Amino acid sequence: MTDDDEAILDELFAVIEDRKENLPEDSYTASLFTHEKGENAVLEKLGEESTELLLAAKDDDREEIAHESADIVYHLLVLLAMKDMDLEDLRAALRERR
């Protein structure tokens, strides 16, 4: 694994934070921050992606498992940004569980 691979979550979160701040019109991420349903839109996506991950796991479809896991991580990071949290909050919680 390269340093670039390890930094991917930090890079993704930085993009999410930028979209939150600048709200570009053509950005799916920005649309989640301005959605009429508010945070419920992200919560619904997390539920949908979780179901899709479970089905992929049931079917033992490794490619879909990876794809749906990435969708969950992305939407989780959006939710953290919505709640004015960051990756350090997540890392701290994970460290506590070691």
Side-chain angles (χ1 to χ4, degrees):
M1 187 178 291
T2 68
D3 287 343
D4 287 344
D5 292 336
E6 292 179 11
I8 191 67
L9 289 180
D10 294 291
E11 292 172 19
L12 177 57
F13 195 74
V15 170
I16 290 168
E17 286 285 326
D18 180 71
R19 299 295 194 271
K20 177 183 174 185
E21 184 176 328
N22 295 307
L23 300 173
E25 287 185 31
D26 61 344
S27 166
Y28 171 72
T29 302
S31 74
L32 292 172
F33 289 104
T34 59
H35 199 283
E36 64 187 18
K37 290 184 178 180
E39 76 179 35
N40 281 353
V42 174
L43 298 176
E44 288 172 10
K45 285 301 291 183
L46 279 166
E48 172 190 325
E49 301 302 345
S50 295
T51 299
E52 291 173 0
L53 174 60
L54 294 172
L55 294 173
K58 179 187 75 63
D59 293 342
D60 202 26
D61 185 337
R62 292 177 55 86
E63 186 175 324
E64 273 303 296
I65 291 169
H67 177 82
E68 299 305 338
S69 294
D71 285 346
I72 287 172
V73 169
Y74 163 77
H75 287 94
L76 173 63
L77 295 180
V78 171
L79 180 62
L80 290 177
M82 282 184 163
K83 297 296 189 179
D84 295 321
M85 298 175 70
D86 59 30
L87 285 178
E88 188 48 42
D89 295 306
L90 177 59
R91 287 184 178 110
L94 290 170
R95 272 193 297 277
E96 288 176 13
R97 296 172 185 218
R98 274 197 206 170

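Residue numbers count from 1 along this sequence. Keep in mind that this is a model prediction, so the values were computed, not measured.
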Query - Taking every non-hydrogen atom, the tightest pair across Pro24 and Ala30 - result: O-CB, 3.4 Å
If you round to the nearest 0.5 Å, how far is [atom2] of [Y] from [atom1] of [X]?
X: Glu17; Y: Phe33; atom1: CD; atom2: CZ; answer: 6.5 Å
X: His35; Y: Met82; atom1: NE2; atom2: CE; answer: 9.5 Å
X: Tyr74; Y: Phe13; atom1: OH; atom2: CZ; answer: 12.0 Å
X: Ile16; Y: Leu79; atom1: CD1; atom2: CG; answer: 10.5 Å

Query - Which residues share a side chain to side chain donor-acceptor pair (under 3.5 Å) with Glu36, sequence neighbours left out - result: none
Query raised in the report: Can you name the side chain to side chain donor-acceptor pair (under 3.5 Å) partners of Asp26, sequence neighbours left out?
Result: none
Report task. Would you check if Leu32 and His75 make a side-chain contact, meaning some heavy-atom pair closer than 4.5 Å? Result -> yes
Query raised in the report: Does a side-chain heavy-atom distance below 4.5 Å link Ser27 with Leu23?
Result: no
Report summary line: The salt bridge (Lys or Arg N to Asp or Glu O under 4.0 Å) partners of Glu52 (sequence neighbours excluded) come to none
Query raised in the report: Shared ILVMFWY cluster between Leu80 and Leu43, side chains joined below 4.5 angstrom?
Result: yes
Query - same_hphob_cluster(Val42, Tyr28) at 4.5 Å side-chain heavy-atom cutoff - result: yes
Query raised in the report: Excluding sequence neighbours, so at least two apart, what forms side chain to side chain contact (heavy atoms under 4.5 Å, CB included) with Ile72?
Result: Leu46, Glu49, Ser50, Leu53
Query - Non-neighbouring partners of Val73 that pass side chain to side chain contact (heavy atoms under 4.5 Å, CB included), sequence neighbours left out - result: Leu9, Leu77
List, one per line, each side-chain donor-acceptor pair under 3.5 Å for residues 83-98, sequence neighbours excluded.
residue, atom, partner, partner atom, Å
Lys83, NZ, Glu39, OE1, 2.7
Lys83, NZ, Glu39, OE2, 3.3
Asp84, OD1, Lys20, NZ, 2.7
Asp86, OD1, Glu88, N, 2.9
Asp86, OD1, Asp89, N, 3.2
Glu88, OE2, Arg95, NH2, 2.2
Asp89, OD2, Asp86, N, 2.8
Arg91, NH1, Asp10, OD1, 3.4
Arg91, NH2, Asp10, OD1, 2.9
Arg91, NH2, Asp10, OD2, 3.0

Using atom types as modelled, flag every donor-acceptor pair under 3.5 Å from a side chain in residues 54-64 to any protein atom, sequence neighbours excluded.
residue, atom, partner, partner atom, Å
Asp61, OD1, Glu63, N, 3.3
Asp61, OD1, Glu64, N, 3.1

